[in-house]
Trainee: 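I have a structure I would like to understand better, so I am pasting it below and will then ask my questions one at a time.
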There are 2 protein chains.
Amino acid sequence: MSSPNPDTRKRILQATADLLTEGGGTGVRMSDIAKRAGISRQAVYLHFANRADLLIATTFYVDELKDSDARLAPSRAAKTGSERLDAFIEAWAGYLPEIYPIGRALIDMSPTDEEARSAWAQRMQDMREGCEAAINALKRDGDLAPGMTAPQATDLLWTLLLLPNWEHLTQVCGWSQKQYLKHITATARRLFVMGA
Amino acid sequence: MSSPNPDTRKRILQATADLLTEGGGTGVRMSDIAKRAGISRQAVYLHFANRADLLIATTFYVDELKDSDARLAPSRAAKTGSERLDAFIEAWAGYLPEIYPIGRALIDMSPTDEEARSAWAQRMQDMREGCEAAINALKRDGDLAPGMTAPQATDLLWTLLLLPNWEHLTQVCGWSQKQYLKHITATARRLFVMGA
DNA sequence: GTGTCAATTGACATCGTGTCAAGCAAAAGG
DNA sequence: CCTTTTGCTTGACACGATGTCAATTGACAC
């Protein structure tokens, strides 16, 4: 539970993030993680209570590494509403491939693990609030497309960005990350930005 | 692999579908299925080679039970384009809660199981083609919103309907099935139907 | 040197999947 | 009526993954 060697702990977290990203969130064993981190399987349990605990810690680790400004506070990014929206979408589109496999593995765990589920739900909530801020900024600048309320637009943008969306378009349907970004950006512009 | 008693086979399939629906697609063991079907755990393997085989068969079983006309051939349903679109969305929204948990369990299996993955991808493809047919019918009737091409609209509708979308909105975010249907229907109408 | 800390090793319990051999009850066939 | 076949049961087992535990090593500090 506690952290004997902070450096080893970081190596475990990095190994976990790497392996999950490579494997799409499935089929990663504790022994794989230990091997990649250069330690024994049992030593992982000196740093993390169990698999769920490790995965949750990994989400925070990945968060730390990422510039989260454009993602969480889109109202401060760029100038025009359209640019802000683009920056917001791009920030999430770059974050998704790193965070989603971890969330995927987290949800794959026992469905009764409330801690694991809510840790993931928190990130969904973050995204929801980011969407809200981005749309509100658009509206404040008078750039929101007519005939659409802010709550409607927020829900819709959120649905478009939804992380499992990304997984299925890329993993199951074979879309590239670029295709996904282009699709979402173009759709959002057309839907939400006045006169686009 | 072969089918000793067709009736027992059906009971297994029904039990699998029921349990997966109840559990959201996770945490369902072979022994649970056998118990629900009223047979021994080992007897399941007299009818299905393994877990993946059973799950794939269950998707076909669920398909058989469902009226698939509105879902797969939306161009024949209802009169006006808007009504057709509504019927199409409602058909999928009713199918999702039954089919998705099975697909979820399927994808949760070994990621190397190509057969399992492609069985699921097929259903994604079905949905994609259904979207295409629905949008094309809308365009043929001159009801497609101006400034939007049919391929764009198809992609967008597909993204909105995407099955994992449904799972996350309902399971993780706590939306009711009704909320989901309402959200998607309203969004699609506003986006695709001329003058809505 | 004596602790102490971090990680190692080997062993083990538990649980789920999948396999196998032996047995059993009922229906079908002569 | 007896035999065979069918469909399932029971009990046992191998395997792989998670998680736990006790004993041990190696390094660094006091």
Side-chain angles (χ1 to χ4, degrees), chain A residues 1-16 19-20 22-58 101-102 104-113 115-116, chain B residues 1-16 19-20 22-58 101-102 104-117:
Chain A
M1 203 85 91
S2 59
S3 39
N5 184 344
D7 186 63
T8 304
R9 186 186 153 92
K10 265 198 181 175
R11 285 212 320 278
I12 298 173
L13 291 168
Q14 185 68 54
T16 307
L19 287 172
L20 285 173
E22 289 166 20
T26 49
V28 175
R29 294 163 298 201
M30 295 298 272
S31 54
D32 296 329
I33 293 167
K35 196 175 185 179
R36 174 73 70 106
I39 59 173
S40 69
R41 185 178 69 84
Q42 295 93 322
V44 176
Y45 294 94
L46 296 175
H47 298 263
F48 305 95
N50 50 42
R51 189 182 168 83
D53 188 44
L54 168 59
L55 292 175
I56 292 172
T58 307
I102 308 171
R104 179 69 158 68
L106 212 42
I107 293 182
D108 280 357
M109 305 225 21
S110 52
T112 50
D113 191 329
E115 203 187 352
Chain B
M1 201 84 90
S2 60
S3 38
N5 183 344
D7 186 63
T8 304
R9 186 187 152 91
K10 265 198 181 177
R11 285 212 319 279
I12 298 173
L13 290 169
Q14 187 66 54
T16 308
L19 287 172
L20 285 173
E22 289 167 20
T26 49
V28 175
R29 294 162 299 199
M30 296 299 272
S31 54
D32 296 328
I33 293 168
K35 194 174 185 180
R36 174 72 71 107
I39 58 171
S40 69
R41 186 177 68 86
Q42 294 93 323
V44 177
Y45 294 96
L46 296 176
H47 298 263
F48 305 94
N50 49 42
R51 188 182 170 81
D53 189 44
L54 168 59
L55 293 176
I56 292 172
T58 306
I102 308 171
R104 179 69 158 68
L106 213 43
I107 294 182
D108 279 357
M109 305 223 24
S110 52
T112 50
D113 190 328
E114 237 357 278
E115 202 186 354
R117 265 200 125 64

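Excluded from the calculations below are hydrogen atoms, water molecules and symmetry mates; all remaining heavy atoms, backbone and side chain alike, are included. Sequence lines set the chain letters: A, B, ... in the order given, protein chains first and strands last, and positions in each chain run from 1.
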Trainee: Just how large is the angle between the end axes of the helix from C:dG1-D:dC30 to C:dG30-D:dC1, five pairs per end, to 10 degrees?
Mentor: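 Taking the rotation axis at each end, their angle is 20°.
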Trainee: What's the shortest heavy-atom distance between A:Gly25 and A:Ala105, and which atoms?
Mentor: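 Nearest heavy atoms, A:Gly25 then A:Ala105: O-CB, 3.4 Å.
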Trainee: Just the atom pairs and distances: protein N or O near nucleotides 26-28 of chain C's N or O, under 3.5 Å.
Mentor:
none

Trainee: What's the CG-P distance between B:Asn50 and D:dA14, to the nearest Å?
Mentor: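 Going from CG in B:Asn50 over to P in D:dA14 covers 22 Å.
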Trainee: Considering non-hydrogen atoms only, spot the tightest contact between A:Asn50 and A:Met30 and give its length.
Mentor: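 Looking at all heavy atoms of both residues, the shortest contact is C-CE, 4.5 Å.
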Trainee: List in chain and number order the residues that pass side chain to side chain donor-acceptor pair (under 3.5 Å) with B:Arg41, two or more places apart in sequence or in another chain; answer none if no residue qualifies.
Mentor: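 With neighbours one apart ignored, the set is empty.
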Trainee: Name all residues meeting the side-chain contact (heavy atoms from CB on, under 4.5 Å) criterion together with A:Gln42; count only those two or more places apart in sequence or in a different chain, and write none if there are none.
Mentor: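 By the side-chain contact (heavy atoms from CB on, under 4.5 Å) rule, A:Gln42 matches A:Ser40.
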Trainee: So, for B:Val44 and B:Ala34, which heavy atoms are closest and what is the spacing to 0.1 Å?
Mentor: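 Minimum heavy-atom contact is CG2-CB, 3.8 Å.
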Trainee: For A:Asp53 and A:Phe48, work out which heavy atoms get closest and say how close.
Mentor: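 For A:Asp53 and A:Phe48, the tightest heavy-atom pair comes out as OD2-CA, 3.5 Å.
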Trainee: Provide the closest heavy-atom pair for A:Asn5 versus A:His47 in the form atom of the first, atom of the second, distance.
Mentor: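 Distance-wise, the nearest heavy atoms are O-CE1, 3.4 Å.
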Trainee: Between residues 36-43 of chain B and DNA chain C, which residues have a heavy-atom gap below 4.0 Å?
Mentor: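 Per residue number, the list reads B:Arg41, B:Gln42.
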Trainee: What pairs with A:Asp32 under side chain to side chain donor-acceptor pair (under 3.5 Å), at least two apart in sequence or on another chain?
Mentor: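 Once residues adjacent in sequence are excluded, the partners of A:Asp32 under the side chain to side chain donor-acceptor pair (under 3.5 Å) criterion are A:Arg29.
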Trainee: In chain order, what residues pass the side chain to side chain donor-acceptor pair (under 3.5 Å) check against B:Arg104, with sequence neighbours excluded?
Mentor: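 Result, side chain to side chain donor-acceptor pair (under 3.5 Å) vs B:Arg104: A:Asp108, B:Asp108, B:Glu167.
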